[in-house]
Amino acid sequence: MSNVTQEPAETSEEALHQAAALTSTAVEALPGGRLASQLDGQAPLRIKLGIDPTAPDIHLGHTVVINKLREFQDAGHQVVLIIGDFTARIGDPSGRSDQRPMLDPERIDANAATFMEQAFKILDRERTEVRFNSEWLRMGSDQLFGLMSKATVAQLLERDDFQKRMAASDPISALELMYPLLQGYDSVAMEADVEVGGTDQKFNLLFGRDMQSAFGRPQQSVLTMPILPGIDGVKKMSKSTGNYIGVTDPPEEMFGKLMRVPDANLQEYWNLLLSEDPPAEVGPNEAKRELGRRLVARFHGPEASGAAEEHFNRLFVRHEVPEDVAEFEITGEVHLPAALADAFGISRSEARRVIGQGGVRKDGEPLPAEPLDYPASALDGAVIQVGKRRFKRFVEVA
RNA sequence: GGCGGAGUGUCCGAGUGGUUAAAGGAGACCGGCUGUAAACCGGUUGGCUCAGCCUACGUAGGUUCGAAUCCUACCUCCGCCA
């Protein structure tokens, strides 16, 4: 029992080499040297990634970690993808400054399904085991109490997120306190050898080790990956802050969003998403374009990438109307604020404001603040544009 | 269980009876400059049948000519004591 956690006396040259390669883009690999000695064993390692299906879409931030899993797969190891359908009901407190609402089960299931679908754009299906953690976490209270006795409140409160919240007098629910215990138990149940996550997951990942040792299991090693900033270049990429690029974003949108990433973040984006340095000999504009081409090609295929760039040039370099603009049907007398509200999903008041600011164009020409009413025939076939990137073709119908 | 504090717009945060749709900041949006970058500059940022009207300051009532501001109850959160 006691010798399972002991490191072998010597680690082979080859294992050291492999470990170095696998940890090259990681921020930390803990504990030091453990991965190398694990790699020395002949059996494939079980690499765990826990995912909370709180949002349906994978964005580029997630792909940093998923890419790492792929590297492990390519080296012959087994990935265990854990869909946190049970833990999602609690909500991971990591990086949170407030409580999360509990999610309902149907939403979680739907999210999990699309999430997996998207993860397989990167992962090798053959070497991926997908499990839902409700499978083992939906336990009886006896077992749950046993689990809870393995950790102290002090340990659970140690984490930075909670310290901050307490300092700010923000609430922490007892349920949230349970999160690391449950996630840690995932590692026990799945016999994880390695767990991968963002640096914001460090506490949870390390807690998994504590749980494993509490249950007399060998302890996993932990790999933390850098957090990709969102397209604002500042905050962590996430759906809720709206600064994300989704894996399923249409090609033009993905390309466009990548072009909006601040130059200062280029290096980071290249390193984390392509595992390369940006080309030194070209300027930031071209480096960003190349980033866009490659990523669009990865998720949508090479043809899509060319089309996306062309679309970008058309709209933002040549300031032309996009090729295919969705149509919006109008009839009779058109009250512009109302039509814009319906066509673009904004309020009528907002529509009025934008018109007043010269932000609404008809076939490229700004519309004046007056009049607000037009006969449908005057707008028939015209491309109406709000701001720089929202377009609708108005079409008169009888 | 007792005592005390707090709940304001997307978020943070001023505001303690009347020019308060509510200071300031962040974010977002529009425009300018550009490489749709960032930075910077200007404007906007509750809704609507828009020179007016309606709805809003935890919820429900009440006092008052008039309330985000005072009173009562309730809900939620925080702290201290037990």
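All chains are named by letter (A, B, ...) in the order of the sequence lines, taking the proteins before the strands, and each is independently numbered beginning at 1.
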Classify the angle between the aromatic ring planes of A/H59 and A/Y244 as parallel (below 30°), tilted (30 to 60°) or perpendicular (above 60°).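 Plane angle between 30° and 60°, so tilted.
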Ring-plane angle category for A/F207 and A/F203, please: parallel below 30°, perpendicular beyond 60°, tilted otherwise.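 Because their plane-to-plane angle is under 30°, the rings of A/F207 and A/F203 count as parallel.
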Length of the line joining [X]:[atom1] and [N]:[atom2], which is rounded to integer Å:
X      : N     : atom1 : atom2 : result
A/L291 : B/U36 : CG    : P     : 16 Å
A/H335 : B/C50 : NE2   : P     : 6 Å
A/R352 : B/C48 : CZ    : C1'   : 8 Å
A/I231 : B/A28 : CD1   : C1'   : 12 Å
A/E350 : B/C48 : CD    : P     : 10 Å
A/N243 : B/A38 : CG    : P     : 13 Å
A/D232 : B/A26 : CG    : P     : 15 Å
A/R314 : B/U36 : CZ    : P     : 16 Å

Cation-pi between A/K392 and A/F344: NZ/CZ under 6.0 Å from ring centre and within 45° of the ring axis?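 Pair A/K392/A/F344 counts as cation-pi.
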Is any side-chain nitrogen or oxygen of [X] closer than 4.0 Å to OP1 or OP2 of [N]?
X      : N     : answer
A/S347 : B/C48 : yes
A/R390 : B/C30 : yes
A/R361 : B/G31 : yes

B/A68 to B/G5 separation - P atoms, rounded to the nearest Å: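 My reading of the P atoms in B/A68 and B/G5 gives 23 Å.
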I'd like the P distance from B/U36 over to B/C30, given in whole Å.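 Result for the P pair: 16 Å, nearest Å.
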Should the pair A/R294-A/E276 be classified as a salt bridge under the 4.0 Å nitrogen-to-oxygen rule?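 Yes, A/R294 and A/E276 are salt-bridged.
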Would you call A/K288-A/E290 a salt bridge at under 4.0 Å N-O?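 Salt bridge between A/K288 and A/E290, a charged N being under 4.0 Å from a carboxylate O: no.
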Nearest nucleotide by nearest heavy atom, which residue falls closer to the 5' end of RNA chain B, A/A264 or A/S349?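 Nearer the 5' end of the strand: A/A264.
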Among [options], find the nucleotide with the atom closest to the side chain of [X].
X      : options             : result
A/Q357 : B/G43, B/C29, B/G35 : B/G43
A/K388 : B/C50, B/C30, B/G31 : B/G31
A/P262 : B/G31, B/U36, B/A38 : B/A38
A/P284 : B/G46, B/G35, B/C50 : B/G35
A/K288 : B/U36, B/G35, B/G47 : B/G35
A/R348 : B/G31, B/C48, B/C29 : B/C48
A/M259 : B/C48, B/U36, B/A38 : B/U36
A/N285 : B/G43, B/G47, B/U36 : B/U36
A/R353 : B/G46, B/C50, B/U36 : B/G46

Complementary nucleotide of [N], counting Watson-Crick and G-U pairs under 3.5 Å:
N     : answer
B/A68 : none
B/G17 : none
B/A51 : none
B/C57 : none
B/A23 : none
B/U76 : B/A6
B/A39 : none
B/U63 : none

CG-CD distance between A/L223 and A/Q201, expressed to the nearest 0.5 angstrom: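 It comes to 13.5 Å.
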Point-to-point distance, once rounded to the nearest 0.5 Å, from CG of A/L379 to NZ of A/K362: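 It is 6.5 Å, given to the nearest 0.5 Å.
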Give one of base, sugar-phosphate or nothing for A/V261, where a contact means two heavy atoms less than 4.0 Å apart.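 The answer is sugar-phosphate, as A/V261 gets under 4.0 Å only of primed atoms, P, OP1 or OP2.
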With sugar-phosphate meaning primed atoms plus P, OP1 and OP2, does A/G256 contact a base, only sugar-phosphate, or nothing at under 4.0 Å between heavy atoms?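 It contacts base atoms.
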Under 3.5 Å, is there an N or O donor on one side and an acceptor on the other linking the side chain of A/D263 and the base of B/G35?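 For A/D263, whose side chain was compared with the base of B/G35, there is a donor-acceptor pair (under 3.5 Å).
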